[in-house]
Amino acid sequence: MTILTRSFYDRDTVDVAKDLLGKMLVRKIDGNIISGVIAETEAYRYKDDPASHTYGGMTERNQAMFGQVGRAYVYFTYGMHYCVNAVARSPDYEAGAVLIRSLVPKKGIDFMSKQRKIHDISNLTNGPAKLTQALKITKKEYGEDLTKRSSLYVTDGLEIKKSEILSGPRIGIKKANDKMWNFKII
DNA sequence: CTGTTGATCTGCT
DNA sequence: GCAGATCAACAGT
């Protein structure tokens, strides 16, 4: 498995969201290797996207989305949940990131079960806040470099054909529902 | 400072 | 289907 290079994230946020489907998200922690195939993503941009955290400018919380591409943007929401994004945008664009919504567990299923305190594999990482809990991703991973063999990175995975990608409106948001920026594998 | 809202999940009805 | 957990950003006072 080869790690995706910085240039992979150096393109339009929506294109990167599509291309991340089928790739492997790898987490190294306490000597454990945990990995899963990315099965669902959402693109979030900037001024043309009222639903994005960055709409309205940079804040202390969202500054990672304005920073170097290929890094992790982790945010806290609803008082108890973390969600993880990969910073991605074309070079002439100010901000953007891809929310990783769902994984198919591959390695480290024992570790994930322990984190989530459940044994139902199909319920382990099928939601944005579930997968961060399963992979033990917190604000410590804010800004982690996904293009290096660090504690969190993304590698090559399955080949996904265009006909296998389903797009639709993003889930759980009320603004900008005309943007079909949710992508998943059939 | 105060009140509202939210890229969520769980558990109960 | 809906309440509850519980916090950061933001708009308003």
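Quick note on labels: first sequence line is chain A, next is B, and so on, each numbered from 1.
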Going by the salt bridge (charged side-chain N to carboxylate O under 4.0 Å, His left out) test, which pairs reach into residues 16-42 of chain A, not counting sequence neighbours? A/Arg11-A/Asp19, A/Arg27-A/Glu141, A/Glu40-A/Arg101, A/Glu42-A/Arg101
For the side chain of A/Thr132 and the backbone of A/Val84, is there at least one donor-acceptor N/O pair under 3.5 Å apart? no
Can you check whether A/Ile29's main-chain N or O pairs, donor with acceptor, with A/Asn32's side chain at less than 3.5 Å? yes
Using only side-chain N and O atoms of A/Lys130, determine if any of them is under 4.0 Å from OP1 or OP2 of B/dT10. yes
Name every residue in residues 117-129 of chain A that has at least one heavy atom under 4.0 Å from any atom of DNA chain B, in order of residue number, or write none if there are no such residues. A/Gly127, A/Pro128, A/Ala129
Expressed in angstrom and rounded to an integer, what is the separation of A/Leu131 atom CG from B/dA7 atom P? 17 Å
With the side chain defined as heavy atoms from C-beta on, A/Arg61 is closest, among B/dG6, C/dA9, B/dT8, to C/dA9
Tell me whether A/Tyr73 shares a hydrophobic cluster with A/Val26, the cluster being built from Ile, Leu, Val, Met, Phe, Trp, Tyr side chains joined at under 4.5 Å. no
Could you tell me how far apart A/Arg116 (CZ) and B/dG11 (C1') are, to the nearest whole angstrom? 13 Å
Should stems be defined as at least three consecutive Watson-Crick or G-U pairs with both distances under 3.5 angstrom, which of them involve DNA chain B? B:1-6 with C:7-12, B:8-12 with C:1-5
Listed in order of residue number, which residues of residues 46-58 of chain A have a non-hydrogen atom at under 4.0 Å from DNA chain B? A/Ala51, A/His53
So what does A/Asn62 hit on the nucleic acid, given a heavy-atom distance under 4.0 Å: a base, only sugar-phosphate, or nothing? nothing
Atom OH of A/Tyr75 and atom P of B/dG6: how far apart are they, to the nearest Å? 13 Å
Check every strand shown and say whether A/Ile173 touches a base, only sugar-phosphate, or nothing at a heavy-atom separation below 4.0 Å. sugar-phosphate
Test A/Asn62 against A/Thr54 for side chain to side chain donor-acceptor pair (under 3.5 Å), laying out the working first. CA-CA 6 Å; A/Asn62 66 27; A/Thr54 53; 5.8 Å; no
Just the rounded figure in Å: distance from P of B/dT8 to OH of A/Tyr82. 16 Å
Does anything in residues 163-172 of chain A form a side-chain hydrogen bond (donor to acceptor under 3.5 Å, both in side chains)? List the pairs, not counting sequence neighbours. A/Asp49-A/Arg170
The test is ring pair (Phe, Tyr, Trp, His ring centres under 6.0 Å); show your working for A/His81 and A/Phe76 and say whether it passes. CA-CA 6 Å; A/His81 294 298; A/Phe76 191 65; 8.2 Å; no
Given atom CD1 of A/Ile100 and atom C1' of B/dA7, what is their separation to the nearest angstrom? 13 Å
Tell me whether A/Ile121 at atom CD1 has more than 12 heavy atoms from other residues, nucleotides or ligands lying less than 6.0 Å away. no
Name all residues meeting the side chain to side chain donor-acceptor pair (under 3.5 Å) criterion together with A/Thr147; count only those two or more places apart in sequence or in a different chain, and write none if there are none. A/Arg6, A/Asp145
Assign each of A/Ile171 and A/Gln133 to its nearest nucleotide of DNA chain B by heavy atoms, then name whichever residue's nucleotide is nearer the 5' end. A/Ile171
Every protein N/O within reach of nucleotides 3-7 of chain C N/O, cut-off under 3.5 Å:
none

Atom pair distance, as rounded to whole Å: CG in A/Leu99 and C1' in B/dC9: 14 Å
According to a hydrophobic-cluster definition based on side-chain heavy atoms being under 4.5 Å apart (Ile, Leu, Val, Met, Phe, Trp, Tyr only), do A/Ile100 and A/Val104 belong together? no
same_hphob_cluster(A/Leu135, A/Tyr82) at 4.5 Å side-chain heavy-atom cutoff: yes
If we ignore hydrogens and angles and just use 3.5 Å, is the side chain of A/Asn85 paired with the main-chain N or O of A/Val87 as donor and acceptor? no
Would you please name every residue forming a side chain to side chain donor-acceptor pair (under 3.5 Å) with A/Asp120, sequence neighbours left out? A/Ser122
According to side chain to side chain donor-acceptor pair (under 3.5 Å), who are the partners of A/Arg89, at least two apart in sequence or on a separate chain? none
What N/O pairs connect the protein and nucleotides 3-5 of chain B at under 3.5 Å? Give each pair on its own line.
none

Which residues share a ring pair (Phe, Tyr, Trp, His ring centres under 6.0 Å) with A/Phe66, sequence neighbours left out: A/Tyr46
Show every ring pair (Phe, Tyr, Trp, His ring centres under 6.0 Å) that has at least one partner inside residues 84-118 of chain A, sequence neighbours left out. none
